[in-house]
Novice: 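Handing you this structure, nothing more for now.
Just so we're on the same page: letters track the sequence lines, and every chain starts at 1.
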Amino acid sequence: EAGVTQFPSHSVIEKGQTVTLRCDPISGHDNLYWYRRVMGKEIKFLLHFVKESKQDESGMPNNRFLAERTGGTYSTLKVQPAELEDSGVYFCASSSGRWEQYFGPGTRLTVT
Amino acid sequence: KQEVTQIPAALSVPEGENLVLNCSFTDSAIYNLQWFRQDPGKGLTSLLLIQSSQREQTSGRLNASLDKSSGRSTLYIAASQPGDSATYLCAVLGGNNRLAFGKGNQVVVIP
């Protein structure tokens with residue numbers, strides 16, 4: 001069984017540019033989560049999808065961040081325009097109900 | 001707001017010693033607690049999940065205990081090996097269905 005995959009593994013962009021991160025959850029997992037770790041801080045929740053619906057997006061930092069989950073399958077997280085403080089590692093996780101969350105390898109975003 | 005603390009932040013132990021990693025959380029209303037391992041530049045690997053109704057879980061050399069009422073969990077790694085060197089993260093799942101993480105315990109096992 002394939003795990004959670006994320007693309008790209010690393011992205012370097014300039015301030016003001018746009019970046020789109022992609023996450024493919026484990027097949028059959030209705031729950032999909034985005035988390036972020038910025039330098040020196042703990043991993044923090046961004047948002048939660050149940051199928052294609054946003055269940056909770058209270059962790060999104062501001063309206064420069066937009067997440068979608070098309071047809072309840074893969075998800076994208078777009079940052080537009082990117083700022084320096086958006087640098088960090090973005091993790092995606094999926095689960096079946098309130099059970100174990102399985103994490104992807106993360107996307108390291110560097111904004112210069 | 002749930003806060004998760006992991007102590008110590010970093011530790012080094014000689015190979016063969018038992019490792020004891022501590023995690024505390026402020027809100028005892030949790031569904032479960034997960035321990036993860038993270039290697040440098042890699043993702044999170046789930047090690048153990050303890051449901052709120054359980055007291056402990058075991059997998060091989062790993063044992064995790066949970067005392068929900070006091071807001072504590074401990075991860076024991078028996079007979080540590082150099083390959084156990086990594087960062088260990090504790091995370092609790094609350095009623096809001098999101099994981100709250102600690103900053104991690106960075107472990108180095110010295111051969």
Novice: Side-chain contact test, heavy atoms from C-beta onward, threshold under 4.5 Å: evaluate it for N31(A) versus N97(B) and give yes or no.
Specialist: yes
Novice: To the nearest 0.5 Å, what is the distance between OH on Y102(A) and OG on S46(B)?
Specialist: 6.5 Å
Novice: In terms of hydrophobic clustering (I, L, V, M, F, W, Y; side-chain heavy atoms under 4.5 Å; direct or indirect links), are L46(A) and M39(A) co-clustered?
Specialist: no
Novice: Treat each ILVMFWY residue as a node, draw an edge where side-chain heavy atoms are under 4.5 Å apart, and state whether L48(B) and F103(A) are in one component.
Specialist: no
Novice: According to side-chain contact (heavy atoms from CB on, under 4.5 Å), who are the partners of I110(B), at least two apart in sequence or on a separate chain?
Specialist: S12(B), V108(B)
Novice: For atom NZ of K54(A), decide whether the heavy atoms of other residues, nucleotides or ligands shown that lie under 6.0 angstrom number more than 12.
Specialist: yes
Novice: I'd like to know whether CD of Q106(B) has more than 12 heavy-atom contacts from other residues, nucleotides or ligands below 6.0 angstrom.
Specialist: no
Novice: Applying a strict under-4.5 Å side-chain criterion to I, L, V, M, F, W and Y, I'd like to know whether V111(A) and V89(A) cluster together.
Specialist: no
Novice: Could you give the distance from NZ (K103(B)) to CD1 (I43(A)), rounded to the nearest 0.5 Å?
Specialist: 12.5 Å
Novice: Let me know if Q51(B) has heavy atoms under 4.5 Å from chain A in its side chain, its backbone, both or neither.
Specialist: side chain
Novice: Once side-chain contact (heavy atoms from CB on, under 4.5 Å) is applied, do any residues pair with K78(A), and if so which ones, sequence neighbours excluded?
Specialist: T18(A), T20(A), Q80(A)
Novice: Can you name the residues of residues 60-91 of chain B that have some heavy atom under 4.5 Å away from a heavy atom in chain A?
Specialist: L89(B)
Novice: Can you pull out the residues in residues 32-45 of chain B with any heavy atom less than 4.5 Å from chain A?
Specialist: N32(B), Q34(B), F36(B), Q38(B), K42(B), G43(B), L44(B)
Novice: With the 4.5 Å side-chain cut-off for hydrophobic clustering, are V38(A) and Y90(A) part of the same group?
Specialist: no
Novice: Chain A heavy atoms under 4.5 Å from L93(B): which part of the residue, side chain, backbone, both or neither?
Specialist: side chain
Novice: Roughly how far apart are E42(A) CD and L99(B) CG, rounded to 0.5 Å?
Specialist: 13.0 Å
Novice: Going hydrophobic residue to hydrophobic residue with side-chain gaps under 4.5 angstrom, can you get from V79(A) over to F45(A)?
Specialist: no
